[in-house]
Amino acid sequence: MAKQDIPKAYDATNYEDGIYAAWEASGLFNPDNLPGDRPEAFSIVLPPPNVTGTLHMGHAVMLAIEDIMVRFARMRGKKTLWIPGTDHAAIATSTKVENILFKTEGKTRHDVGREEFLRRVEAFAQDSHDTIVNQCKKMGASLDWSREAYTLDAKRNHAVNVAFKKMYDDGLIYRGHRVINWDPVGQTTISDIEIVYKEVEATLYTFRYAKDFPIAISTTRPETKVGDTAVAVHPDDERYAAFVGKTFENIPFAGTTISITVVADKEVDPTFGTGALGVTPAHSLIDADIAARHGLAMKQVIGADGRMTVDAGTLVAGQTTKEARDTVAAWLRAQGLVEGEEKTMQNLATAERSGGTVEPIPMLQWFMAVRKEFERNGKTVTMCSMMRDAVESGKTKIVPERSEKTFFQWADNLRDWNISRQLWYGHRVPVWYRNDETFVGIEAPEGDGWTQDPDTLDTWFSAGMWTFTTLGWPDKTADLATFHPTSILETGYDILFFWVVRMMLMTTYLMDEVPFKLVYLHGLVRDEQGRKMSKSLDNIINPLDMIAKFGADATRLSLVIGSTPGNDSKLSEEKVAGYRNFTNKLWNISRFVLSSVEFPGTLVPSGAVDASATKVAGNQQSLADRWILSRLDTVVASVTKKLDANELSAAGEELRDFTWNDFADWYLEIAKIEKGKDAILMTVLETLMKLWHPFMPFVTEQIWSSFKGTTLMVEAWPTVAGHRDEAAEREFSVVQEVVTTIRNIRAMQRVEPAKKVVVTVDNASVLAHADVIKWLARLEDISLGDKPGIQLVLGDMDMVVERARLEKERDDLAAYVASTDAKLANVEFTSKAPEKVVAGMRAKRDEAKAKLDAIIAQLSS
RNA sequence: GGGCGCAUAGCUCAGUUGGUUAGAGCGUCACAUUGACAUUGUGAAGGUCGGAGGUUCGAAUCCUCCUGCGCCCACCA
């Protein structure tokens, strides 16, 4: 292939889209079309991006990591499936569309109505979906688009209804009137994990309900106190012991009348404030628990509209909570009931999506009973215990391993999950009512007069079923049999609780199987300074920009190399540029090889890469040839092992070192003077293309197809060919050292040009490579001496390279042997160390001794 | 308050069952360049592995404490 046929620099934008289109057209992303017999299956479901907009770096890192895993598995001959999909993300999407609606038309969802609103959300979701799909393709993700799914499409809706009905029938889903987290802005309930805490300043009031009330309490929310039904104190608190059990009836309080019972409860901290806690059962989850324990009455004083109810009394009824707070505080002051006011910092619960201040309110909602006991396989279990057992037993592993501890903590503390939402966009609760009748079913009931429950399900309900609904459940499909449990779930550690926990919960229950064998958690992509990327900081790096500028391959490498599971990584444009340089280096390595060998396409028969190298190269192999083939074998073995262990970064680094340092900087330089290396050059190049393909699919596919004409994506992964040659590796390292030393001498000479240097190389095997040394050290202009080896006259400073190196090594080894001897004597004397240790040390010492003897012999000959 | 981490070169980080002389990338500096590649090559400088103890023949690695950071959960009313 002529050099001028290949561009000097690799410009990714010229190739990537075309290559992706060709892959897609080949149908090879679909495991059913993969060539050969593939008994072992490998599957990943793509964590479905929310249809709320565009992909960010978090998605890019996810796509990069998963595509590496998937392409590696495919090349290893596994029946490989990676399922794409998107998530309807009920709250997030609704909120987004509501915001747009309000901004552009000044309307709320209620103004346009349920049907019209849903139409708009779906249009938005479709748009967003198309953008996301395009971005996945830009990243090179080898997703099987023929199996694409949506968390809210008809198939998934059917599955959700089946699951709901089953769990309802089994008593694991129930409807109950309980204190839940109400988001007054989003007008919906939210689960515990959808709460984010903001630190705000608040006033802590200490006061009494009435002048003659014996106990003072503290609160930052005086307005809720009209709903108090009790005061709780610690059981051991002697100050209040006399009052425990007493009820103070009909206390006039801020426009209403309250009755307060004094109870003793261990949850109360006697050291905080007055040591007494005013209990508001309807508007605090903690208080609701206390109330439940003591059988206290619950009085709702805040409504779903965020305003005080009629029950709150004449003084505050109809006011917002904020207004009521001031009103009650003013009333307390006027009555002379306040005993203290101080500013404190408080963690305010807000809704993650809408930003609204979360109000605990009692409401009739649907719940999943995660701690309810039932029988399964002859054992008494709960959903939580099943989920916990899956990880404890090792059926599902989590990397990094420390995340398993976090997972257990979660499994042990999970409360019943509020699954109903008052949103319109989502899976409608499959329950119908008529008078006093309730019907729970997969389809609407027959007959007239039925009304469906207006609520929808938490988005994580359908997301929790993602691994098996995408494979066809509840039908018994071939996909389900082949690909479930999935091999790996790869996702960010930040949604371990949101999603991974839900999947474990629902899959272990519904499938009696784990959803995945391995959870691989990646970290957050941060900016150069380690800050989160955010709009307000204006430090967002858009993956599409990076792809346009440096190519998808470079973008992928920059996200994968240098980051380890569970740890955040930093990204800068310079980093991506660095990997673009590497992409170009690989391109030019190929350009050089392909333009120097005569028949690149046929030199190495397809499917027999490794064996042919031995045959063709035969006995004419030089030291450099044996060295590079040995190194290649080492790298193939090591990279395969690392990828098997999902150590992507380490695998990539090793490959880069070999490609750049060993192959390009040494072997290719030698190939410029030692001829007849075509077969080896092609062997290394082809193997490199395969090894790099999972990481850099585009550039490798482009290079491969330019001389091979087949699809690299489905080529077989290289295997170890049996070229390991430790002697060659050792010997070559000496050559490298000699060349390096000479280069240094030349550099020194330039600094001190007056001195002359004579370099003598007297190592026989190194001598055999005089030409290589001369070439690499650029010695052609320097005269060679005649003996005892190559004498390179550079100046008048005598420097015997090999002798110097050996002498240094001898001294080091002698010191090591001596110190080991001393230690061994000590070990044997105390006899405390295990025999294994002593033996190990002795073996190492003996090895060093032997080496030392060899060096001494060589030096004295 | 409960839990999980991190601290290794100027910066970003590897270092997987404790083992000979602790590594890489970037950056810096010096030198090189008609050869596939200036998106290049060669080399140098730079580390008491946060501190103090301990276990061990041997510790960046294991244990304890201290210092300084980060994250998650709880939500003190």
Side-chain angles (χ1 to χ4, degrees), chain A residues 3 6 8-10 192-193 195 197 204 217-221 224 232 267-269 271-274 276-280 284-287 344-349 400 402-403 405-406 408-410 413 493-494 496-497 524 528 530 550 554 561-564 566-572 574-575 577-596 645 647 649-650 653-654 656-657 664-665 668-669 672 739-740 743-744 746-747 750-751 776-778 812-813 815-817 819-820 822-830 832-833 837-838 840-841 844-845 847-848:
Chain A
K3 203 160 39 189
I6 310 170
K8 275 183 88 145
Y10 173 70
D192 296 347
I193 50 177
I195 293 174
Y197 290 93
L204 182 68
I217 58 161
S218 299
T219 186
T220 53
R221 302 200 56 189
T224 64
E267 287 301 301
V268 179
D269 176 2
T271 64
F272 183 86
T274 62
L277 166 66
V279 183
T280 323
S284 156
L285 278 91
I286 300 280
D287 291 7
T344 54
M345 292 313 285
Q346 185 192 31
N347 271 334
L348 184 69
R402 64 180 184 292
S403 297
K405 290 183 197 168
T406 328
F408 288 139
Q409 220 194 323
W410 247 89
N413 293 308
Y493 66 73
D494 49 332
L496 178 66
F497 311 129
L524 259 51
E528 227 173 331
F550 306 110
I561 295 186
S563 58
T564 44
N567 295 325
D568 295 350
S569 58
K570 296 179 189 180
L571 184 73
S572 60
E574 291 75 49
K575 195 169 168 183
Y579 285 106
R580 185 269 323 268
N581 293 357
F582 179 70
T583 313
N584 189 60
K585 184 75 183 180
L586 193 64
W587 177 262
N588 271 290
I589 286 169
S590 311
R591 180 169 182 256
F592 173 72
V593 172
L594 294 175
S595 58
S596 11
E647 292 169 16
S649 176
E653 278 182 69
E654 176 152 11
R656 183 188 51 194
D657 286 351
D665 291 343
L668 290 191
E669 287 305 314
K672 286 173 187 171
V739 170
T740 304
R743 281 168 176 165
N744 286 346
R746 299 199 70 191
R750 236 163 246 112
V751 178
L776 293 174
R778 298 284 189 269
D812 289 346
L813 281 170
Y816 172 72
V817 169
S819 72
T820 309
K823 286 173 196 162
L824 270 173
N826 199 9
V827 177
E828 279 161 19
F829 184 73
T830 61
K832 266 163 81 182
V837 174
V838 178
M841 289 175 69
K844 274 181 180 156
R845 179 206 53 188
E847 199 184 314

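Chain identifiers are assigned alphabetically (A, B, ...) following the order of the sequence lines, protein sequences preceding nucleic acid strands; residue numbering begins at 1 within each chain.
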A/I193 CD1 to B/C73 C1': how many Å, rounded? 12 Å
Note, A/F550 side chain near A/T583 side chain (heavy atom, < 4.5 Å): no
Using atom C1' of each nucleotide, how far apart are B/U56 and B/U64 to the nearest Å? 16 Å
Mind checking A/R402 for me? I need base, sugar-phosphate or nothing, with any heavy atom below 4.0 Å counting as a touch. sugar-phosphate
Take atom C1' in B/A59 and the same atom in B/G53, then report the distance between them in whole Å. 14 Å
It should be established whether A/S596 places a side-chain nitrogen or oxygen under 4.0 Å from OP1 or OP2 of nucleotide B/A36. no
Please check: side-chain N/O of A/D568 versus main-chain N/O of A/L524, any donor-acceptor pairing under 3.5 Å? yes
Using atom P in both nucleotides, what's the gap between B/U61 and B/U17 to the nearest angstrom? 14 Å
From B/G41, B/U39, B/A36, pick the nucleotide closest to the side chain of A/N584? B/U39
How close or far is atom C1' of B/C73 from atom CG of A/L285, stated in whole angstroms? 15 Å
Distance below 4.0 Å between A/K8 side-chain N/O and B/C37 OP1 or OP2: yes
Counting only Watson-Crick or G-U wobble pairs whose two distances fall under 3.5 Å, which nucleotide matches B/C69? B/G5
Measuring only the P atom in each nucleotide, how far is B/U12 from B/G43? A whole number of Å is fine. 27 Å
CD1/A/I193 to CG/A/L496 distance, rounded to the nearest 0.5 angstrom? 10.0 Å
Hey, which of these two, A/I589 or A/A9, hits RNA chain B nearer its 5' end, going by closest nucleotide? A/I589
So does A/K570 get a side-chain nitrogen or oxygen closer than 4.0 Å to the phosphate oxygens (OP1/OP2) of B/C13? yes
Select one nucleotide: of B/U42, B/A77, B/C72, the one nearest the side-chain heavy atoms of A/V268. B/A77
Grab the CD-P distance between A/E654 and B/G23 for me, whole Å please. 16 Å
Please check the phosphate of B/A36 (OP1 and OP2 only) for any side-chain N or O of A/K672 closer than 4.0 Å. yes
Strictly by Watson-Crick or wobble contacts shorter than 3.5 Å, is anything paired with B/A52, and which nucleotide is it? B/U64
B/A36 pairs with which nucleotide, Watson-Crick or G-U wobble, both distances below 3.5 Å? none
Considering only B/A24, B/A36, B/U39, which nucleotide approaches the side chain of A/R580 most closely? B/U39
With heavy atoms under 4.0 Å as the rule, sort A/I217 into base, sugar-phosphate or nothing. nothing
What's A/N413 touching, base or sugar-phosphate or nothing? Going by heavy atoms closer than 4.0 Å. nothing
Partner lookup for B/A44, please. Criteria are Watson-Crick or G-U wobble with both distances under 3.5 angstrom; report none if nothing qualifies. B/U28
Expressed in angstrom and rounded to an integer, what is the separation of A/K585 atom NZ from B/A38 atom C1'? 11 Å
Rounded to whole Å, please give me the gap between CD in A/Q409 and C1' in B/C71. 12 Å
Polar side-chain contact A/K405-B/C4 base: donor and acceptor under 3.5 Å: no
Between B/A77 and B/A52, how far apart are the P atoms? Round to whole Å, please. 42 Å
Report yes if a side-chain nitrogen or oxygen of A/N581 is closer than 4.0 Å to either non-bridging phosphate oxygen (OP1 or OP2) of B/U40; otherwise report no. yes
For A/T219, report the nucleic acid contact type (base, sugar-phosphate, nothing); a contact means any heavy atom under 4.0 Å. sugar-phosphate
Work out how far the C1' atom of B/U21 is from that of B/G68, and round it to whole angstrom. 32 Å
How close or far is atom C1' of B/G27 from atom CD of A/E528, stated in whole angstroms? 12 Å
Under 3.5 Å for both donor-acceptor distances, Watson-Crick or wobble: does B/C75 have a partner, and if so which one? none
When the distance from CZ of A/R221 to P of B/A77 is rounded to whole Å, what number comes out? 11 Å
Any base atoms under 4.0 Å from A/S590, or only sugar-phosphate, or nothing? Heavy atoms, all strands. nothing
Tell me the partner of B/G23, counting only Watson-Crick (N1-N3 plus N6-O4 or O6-N4) or G-U wobble (N1-O2 and O6-N3) with both under 3.5 Å; none if nothing fits. B/C13
Give the intermediate values and the outcome of side chain to side chain contact (heavy atoms under 4.5 Å, CB included) for residues A/E574 and A/E528. CA-CA 10 Å; A/E574 291 75 49; A/E528 227 173 331; 3.4 Å; yes
Looking only at side-chain atoms of A/R591, point me to the closest of B/C73, B/U42, B/A36. B/A36
Base, sugar-phosphate or nothing for A/T564? Non-hydrogen atoms, less than 4.0 Å. sugar-phosphate
To the nearest 0.5 Å, what is the distance between CG (A/D192) and CG (A/L285)? 7.0 Å
Does B/A14 have OP1 or OP2 sitting under 4.0 Å from an N or O in the side chain of A/N567? yes
In whole Å, what separates the C1' atom of B/A74 from that of B/U48? 42 Å
Base, sugar-phosphate, or nothing for A/A276, non-hydrogen atoms under 4.0 angstrom? nothing
Classify the ring geometry of A/W587 against A/Y10: parallel below 30°, tilted from 30° to 60°, perpendicular beyond 60°. tilted
Write down the distance separating the C1' atoms in B/G25 and B/U8, rounded off to the nearest Å. 15 Å
Which part of the nucleic acid, if any, lies within contact of A/Y197, taking any heavy atom under 4.0 Å across all strands shown: a base, the sugar-phosphate backbone alone, or nothing? base
Return whichever of A/K575 or A/E647 has its heavy-atom-nearest nucleotide of RNA chain B closer to the 5' end. A/K575
Nearest-Å distance, CG (A/N347) to P (B/G2)? 17 Å
